[in-house]
Amino acid sequence: LIADPNLFENYAKLYSDDRTTAINGGDLGFFAPENLSSQVRAAIAGLDDGQITPVITTQEGFEIIKLVQRIASIDGSDTRINVRRILLRYPTFEELLAEERERATIYRFVR
């Protein structure tokens with residue numbers, strides 16, 4: 001899917017619809033896994049650091065996630081993860097309507 005995982009940051013900058021994180025190569029920073037959607041949590045559950053998920057369908061759109069690092073506390077009671085993402089958003093209704101208007105040919109018949 002991603003030709004070169006080492007270029008994930010570049011792909012995120014070029015293609016991600018998440019403008020907030022795209023400028024940082026899709027970096028979401030460190031946080032608790034429970035802050036992710038259930039679809040993303042399930043997809044990264046078996047990943048090792050540096051691995052990338054297949055395309056995931058979420059409420060926001062289509063996502064590809066790279067698990068950068070998983071850190072557990074010394075006693076193992078707490079885990080923090082660092083991930084990067086590429087998000088391709090679903091188009092909004094307004095965007096779809098604008099596209100249709102752009103392509104439409106309107107005829108006016110006058111009597």
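- Linking ILVMFWY side-chain heavy atoms closer than 4.5 Å, directly or via other members, places I56 and F31 in a single hydrophobic cluster.
- Between atom CD1 of residue I65 and atom CZ of residue R41 there is a gap of 12.5 Å, rounded to the nearest 0.5 Å.
- The two residues G26 and A12 make their nearest non-hydrogen contact at N-CB, 3.6 Å.
- Taking both residues in full, the closest heavy atoms of P91 and L96 are given as CG-CD2, 3.8 Å, listed atom of the first, atom of the second, then distance.
- In terms of modelled atom types and a separation under 3.5 Å, the side chain of T53 and the main chain of A43 share no donor-acceptor contact.
- Atom CD in E100 sits 13.0 Å away from atom CD in E95 (nearest 0.5 Å).
- For the atom pair CD1 (I81) and CD (E34), the distance works out to 8.5 Å, reported to the nearest 0.5 Å.
- Atoms CG and CG, from L28 and N82 in turn, are 8.0 Å apart once rounded to the nearest 0.5 Å.
- Sorted by first then second residue, the ring pair (Phe, Tyr, Trp, His ring centres under 6.0 Å) pairs that include residues 87-111, not counting sequence neighbours, are F62-Y90.
- Follow the hydrophobic side-chain contacts under 4.5 Å out from V55 and you never reach V83; the two are in separate clusters.
- Linking ILVMFWY residues whenever their side-chain heavy atoms come closer than 4.5 Å, directly or via other members, places L36 and L47 in the same cluster.
- Under the 4.5 Å side-chain criterion, counting only non-hydrogen atoms from C-beta, I52 is in contact with I64.
- Note on I71 and V68: separate hydrophobic clusters, where clusters join Ile, Leu, Val, Met, Phe, Trp and Tyr whose side-chain heavy atoms are under 4.5 Å apart, directly or indirectly.
- Once rounded to the nearest 0.5 Å, the distance linking CZ of R80 with CD of Q69 reads 13.5 Å.
- N24 and T21 form no side-chain donor-acceptor contact under 3.5 Å, judged by distance and modelled atom types alone.
- Partner of T58 under the side-chain hydrogen bond (donor to acceptor under 3.5 Å, both in side chains) criterion, out of E63, R85, Q39: E63 alone.
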Point to revise | Full working for side-chain contact (heavy atoms from CB on, under 4.5 Å) between R84 and E9 | key: CA-CA 8 Å; R84 293 182 181 274; E9 292 176 43; 3.6 Å; yes
Check your understanding: Run the side-chain contact (heavy atoms from CB on, under 4.5 Å) check on V110 and R108 step by step: do they pass?
Key -> CA-CA 6 Å; V110 181; R108 180 177 241 165; 4.2 Å; yes
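- With hydrophobic clusters built from ILVMFWY side chains whose heavy atoms lie under 4.5 angstrom apart, I23 does not share a cluster with Y11.
- Environment of CZ in R101: sparse, with no more than 12 heavy atoms of neighbouring residues, nucleotides or ligands closer than 6.0 Å.
- From D17, atom CG reaches atom CD of E60 across 10.5 Å, with rounding to the nearest 0.5 Å.
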